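Each remark here refers to the structure printed beneath this line.
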Amino acid sequence: MDPTRFDALCPNGRAAAVVGLQWGDEGKGKYVDLLAPGFDAVARYNGGANAGHTIVTGGQKYALHLVPSGILHKGVRAVIGNGAVVDPFQLVKEIDALAARGVDTAALVVSIRAHVVMPYHKAMDARLEAVMEEMGKAQGGRTTAIGTTKRGIGPTYAEKALRMTAVRMGDLVRGGSILEDRVRLAIGVHNPAIVASGGEALDAAAIIDELAPIAERLRPFVTDTTYLLHDVLRAGGRVLFEGGNATLLDIDHGTYPYVTSSSCSALGISTGSGVPGAMLSGVVGIMKAYTTRVGLGPMPTEIHGELAQTIRDRGGEYGTTTGRPRRIGWLDLVALRYSAMVNGVTHVAMTMLDVLGGLDEIRVCSAYEVDGVRTERFLPDAADLARATPVYEVLPGFAEDISGCRSVGELPARARALVDLVERALGVPVAFVGVGPDREQTILNLPQGGVGR
Ligand code: IMP
């Protein structure tokens, strides 16, 4: 695909972003992969190995968790920014796996300011969830766990806020007394709680030893990515930001407390990368033609039973990171309008439209009813959202196999109706429509010229 097609999205010396508009797993990886050749750098600004991108390209399937998808393209810098959290063991694993398949990993850089996910953060994540679940049961079955990916994300961001016990990538690769003191301090602070909840006390010296060879491996990749990104932009280059997780999981703007611990929406780009939001010329919001969610928390349009299982199987809706079956729901336009608003979305990519083929009818939630009152506003607080019941518009289903369609005009009218409905609801063009997992199975509907900011 000709990268100049994306000039309207992101002129030279500017940045664009790809963000998930729902609860994750919208298929962002494929769009980052598609757009990447038109950019000089692809950067992550949030999250860690809780995110999972599966990219199918040239018949090869790549599952990435930490490394930005841009790595698959020659000449594109793959940047892990300061707002991300890095599990160094996982990162080395991904680097080795990519290298083994002939991918050049020299283009990868990691911020000195990104926080390190330590082995104890993963242990704490699992233990916290177990304790909360148990307490929930004791309290009469109420939900008091989040259903995290257990990748240590929450405890690492909590450590970041605690400060003196936190380790950043710069500390890790520098080694020496700062690293050792911080690990000892962290263990000293956390061990009492670990032991009190039935866990085994951790040994700081063993962790420091374990980290040494990993730090050695990662040293060449660690740098000041804030300057690096600004240097790219000042030289007239383009930067594409790749959001991990998704807007409704954003710690501030998502369905709190059933969220992740980072700023996943485009609002997190500034603090998570050092590049001001004003430099963003385009924000591509990725949305599925239906809704999925993993983990706990309210989901007004959730469906169960046979229909949910059909969609789950057709869409391969099982977690990339944890393998958990995803919860399935109809498209929620109330949530989507909210996500498009807070992200400043300029274009939309609708993915997985092919998955809905063959259903008798397709439902779309256009409003909620809360305590008998109709509203078109999203309720990001989980306790409020749990009281919302969806008001549906019912569209007739389409029977045709659309996986071979390459233009909106080729789509059957009933499938196109869903695309039109989303365009009208969000007021931005649906610039991409996904009709299958392969990079080629994408309808490009990008208006030529001037649709960005
Ligand atoms: P954590 O990010 O592991 O703390 O998990 C917090 C919540 O976010 C849980 O409900 C997870 O299932 C969910 N979550 C985190 N990352 C993703 C993702 O990339 N896709 C879907 N859900 C996610």
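Nothing fancy with the numbering, it's 1 onward along the sequence. Both ligands and their constituent atoms are indexed starting at 1 by order of listing. Every value quoted in this text rests on a predicted model; they were computed, and no experiment measured them.
A side-chain donor from one of Thr156 and His121 sits under 3.5 Å from a side-chain acceptor of the other. Residues Arg337 and Ser366 bring no donor and acceptor atom of their side chains to less than 3.5 Å of each other.
At distances below 3.5 Å, at least one donor-acceptor pair connects side-chain atoms of Asn46 with backbone N or O atoms of Gly244.
Just one of Val18, Val283, Leu280 meets the side chain to side chain contact (heavy atoms under 4.5 Å, CB included) condition when paired with Phe241; it is Leu280.
The stretch residues 376-391 participates, sequence neighbours left out, in these salt bridge (charged side-chain N to carboxylate O under 4.0 Å, His left out) pairs: Asp371-Arg387, Arg374-Glu376, Asp384-Arg387.
If you look at ligand 1, the protein residues with a non-hydrogen atom under 4.0 Å away are Trp23, Gly24, Asp25, Asn50, Ala51, Ile146, Gly147, Thr148, Thr149, Asn245, Leu249, Val259, Thr260, Val294, Gly295, Arg324.
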Begin from the C-alpha positions of Lys122 and Asp87 and carry the test salt bridge (Lys or Arg N to Asp or Glu O under 4.0 Å) through to its verdict. CA-CA 9 Å; Lys122 285 190 274 187; Asp87 175 346; 2.8 Å; yes

